[in-house]
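Residue numbering restarts at 1 for every chain, and letters A, B, ... go by the order of the sequence lines. Any value given below was found using the heavy atoms of this structure, including those in side chains, with hydrogens, waters and symmetry copies removed. In this text the structure is predicted, and so the values were computed from the model without any measurement.
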Number of protein chains: 2
Amino acid sequence: MKAGEKAEKGRLTTSERALLGLLSLRPMSGYDLRQLIPQSIGHFWSESYGQIYPSLKRMTAEKLLDKKTERGKGRPDRHVYSLTESGREELRGWLRAPVELRNVARNELLLKVFFGTQVAPEEVRKHVETLREEAELERAEHAGIVRHLKKSSANNPQLPYWLMTVNMGRHEVNAKLAWCRETLQELDRLEERNKQ
Amino acid sequence: MKAGEKAEKGRLTTSERALLGLLSLRPMSGYDLRQLIPQSIGHFWSESYGQIYPSLKRMTAEKLLDKKTERGKGRPDRHVYSLTESGREELRGWLRAPVELRNVARNELLLKVFFGTQVAPEEVRKHVETLREEAELERAEHAGIVRHLKKSSANNPQLPYWLMTVNMGRHEVNAKLAWCRETLQELDRLEERNKQ
DNA sequence: TCCAACATGTAAGGAGTTACATGATTTC
DNA sequence: GAAATCATGTAACTCCTTACATGTTGGA
C-alpha cells in the first residue's frame with residue numbers, strides 16, 4: 001500500500017458518519033444529538049456522550065463541521081455544529097458506498113437455546129417467554145411511532161425513508177413472535193417427553 | 001459495595017461462557033473451538049483466537065477448566081480443555097440467568113435508508129437489492145443446514161435445540177426478504193414521482 | 001516447490017460504554 | 001430541599017479483531 005492510502009480509506013468511523021447524517025437534518029449540539037437518537041435512529045443505532053463529543057471535535061478539525069457557540073446564561077455554552085459543504089459530500093459518498101458493517105450479530109438468547117440440554121426445558125422456556133413479552137411491547141410501540149410520524153411529518157420528504165426503517169422493525173418483531181410461538185410448542189413436546 | 005463483590009459478579013464475559021458451552025459438547029483445544037464455531041453457533045456468535053486463547057487460560061486459572069497436553073510430532077502440542085465440575089455449574093448458572101445482552105444491534109443499512117433523501121432513490125435501491133441477494137443465499141444455506149443436522153444428529157438429544165436456533169435464522173431471513181419486496185416497491189413509487 | 005492445514009500465543013489498536021467532574025436552573 | 005434538566009467534556013476500562021511471530025507436515 002502506498003503512503004497516505006490508509007489514512008484516506010477509513011478517515012471516519014461509522015459512528016461519525018451517523019452523526020454527520022443526523023446533522024444533515026439540522027444543526028445541533030452534542031447534547032441535542034444524544035437526545036435525538038432515541039427518537040430517530042435509536043432502534044438500530046446508539047451513541048454515547050463519550051463517543052459524540054470527541055467525534056464532533058475530530059470532524060470539526062477535519063473541516064467537515066462548522067462550530068458556533070451560543071452563550072448560555074447560567075448553563076454551559078451550547079456548541080452548535082452544522083455540516084460544511086465538504087461534510088455533506090462526505091455523507092453522500094458514504095451513503096452511496098456499499099454497506100460494510102457485516103459483523104455477526106451476537107445473540108445471547110440463541111446461545112442459551114443452543115446449549116439448552118444442559119438445563120431443564122422449563123429454563124429455556126422462561127427465556128423464550130421473556131422475549132415474547134418484549135416483542136409484544138415493541139410491536140405496540142411501532143404502531144405508535146408510525147401514527148406519530150405520519151402526523152408530525154406528513155409533508156416531510158424524508159417520511160417514506162423513515163417509515164422504511166420502522167417497517168424493518170415490524171417485520172423483525174413479527175419474525176420473533178412467530179419463532180416464539182413455534183419454539184414454545186416444541187418445548188411443550190420436550191417437557192411432555194421428559195415427564196414420561 | 002463490599003470488597004470482593006465486584007469480582008464475583010461478572011467473573012466471566014459472555015464470550016467465555018460461550019466457550020464453556022462449546023466445551024460442554026466435548027473436550028477441545030483452542031484451535032478446535034475456532035474451527036467448530038462456524039459450524040455451530042456461527043450464525044449468531046463469533047470468537048477470534050485473540051479472544052479464545054486468553055479466555056482458556058483465565059478459566060483454567062479459575063478452575064473452571066482442566067487442561068491436558070497432547071504431545072504433537074512436529075506440530076505444536078495440543079492443549080485440550082474440558083469442563084470441571086465447577087465449570088459445568090458456572091455454565092448452568094448462566095444458562096438459567098435472564099438474558100442480559102440487550103445492546104442495540106447496529107445496522108448500517110438502516111442508517112443509510114434513514115438518510116435516504118440525501119441521495120437518489122436509485123442509490124438506496126442498490127443497498128436493498130444487495131440485502132435481498134444476501135438473504136436469498138442465506139435462505140438456501142438454512143435448508144442445507146437443517147438437512148445435514150437431521151441426518152448427522154438424528155439421535156442426538158441436542159438436535160431440537162439446535163434446530164430452534166436455525167429456525168430463528170429462517171424467520172429472520174424471511175422477514176428481511178419481505179421487507180426488501182415492500183421497500184423496493186416503495187422505491188419504485190419514489191423514483192416515478194422524481195421523474196415527473 | 002509452494003501452499004494449506006495444524007497449532008499456540010501475544011501485542012497493538014479500534015470502538016464503544018460507564019463513571020467521573022462541574023455547576024446553575026427549574027420543578028415538585 | 002431534593003431531584004431532574006441542561007450542558008460539556010475526559011479518563012478509565014471492556015471487549016474484541018487484526019496482525020504478528022513461529023515452525024512442521026502433507027498434498028498438489
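Of the candidates C:dT8, C:dG16, D:dG9, the closest approach to any side-chain atom of B:Arg106 belongs to C:dG16.
Applying the salt bridge (Lys or Arg N to Asp or Glu O under 4.0 Å) test to pairs two or more places apart or on separate chains, those with a residue in residues 105-115 of chain B are A:Glu47-B:Arg106. Residue pairs satisfying the salt bridge (Lys or Arg N to Asp or Glu O under 4.0 Å) criterion with at least one member in residues 18-35 of chain B, sequence neighbours excluded, are listed as follows: B:Asp32-B:Arg78.
Atom CZ of B:Arg58 is separated from atom C1' of C:dT8 by 16 Å (rounded to the nearest Å). For A:Glu70 and D:dT8, the CD to C1' distance is 14 Å, given to the nearest whole Å. B:Arg71 places its CZ atom 17 Å from the P atom of D:dG23, with the value rounded to the nearest Å. Between the P atom of D:dT14 and the CZ atom of B:Arg11 lies a distance of 16 Å, rounded to the nearest Å. Going from atom CD of A:Glu16 over to atom P of C:dA15 covers 8 Å, rounded to whole Å. Spacing between atom CZ of A:Arg78 and atom C1' of D:dT8 amounts to 12 Å, rounded to whole angstrom units. Straight-line distance from the CG atom of B:Leu33 to the P atom of C:dG9: 12 Å, rounded to whole Å.
Side-chain contact between A:Ser40 and A:Leu22 is present, with heavy atoms from C-beta onward closer than 4.5 Å. Side-chain contact between B:Leu184 and B:Arg132 is present, with at least one heavy-atom pair separated by less than 4.5 Å. Residues B:Leu190 and B:Leu187 are in side-chain contact: their nearest non-hydrogen atoms beyond the backbone lie under 4.5 Å apart.
Dashed line: the shortest gap from a side-chain N or O of A:Lys57 to OP1 or OP2 of D:dT8 is not under 4.0 Å. For B:Ser15, a side-chain nitrogen or oxygen approaches OP1 or OP2 of D:dC16 to under 4.0 Å.
Near DNA chain D, meaning a heavy atom under 4.0 Å from it, residues 34-55 of chain B has B:Ser46, B:Ser48, B:Gly50, B:Gln51 in order of number. The stretch residues 23-31 of chain B comes close to DNA chain C through B:Ser29, B:Gly30, B:Tyr31, each having a heavy atom under 4.0 Å from the strand.
Judged as a side-chain hydrogen bond (donor to acceptor under 3.5 Å, both in side chains), and not counting sequence neighbours, the contacts of A:Arg189 are A:Glu186. With sequence neighbours left out, A:Glu182 forms a side-chain hydrogen bond (donor to acceptor under 3.5 Å, both in side chains) with B:Asn167, B:His171.
Nearest heavy atom pair, residue B:Gly30 against residue B:Leu56, reads CA-CD1, 3.7 Å.
With no hydrogens or angles considered, no side-chain donor-acceptor pair links B:Glu70 and B:His79 at under 3.5 Å.
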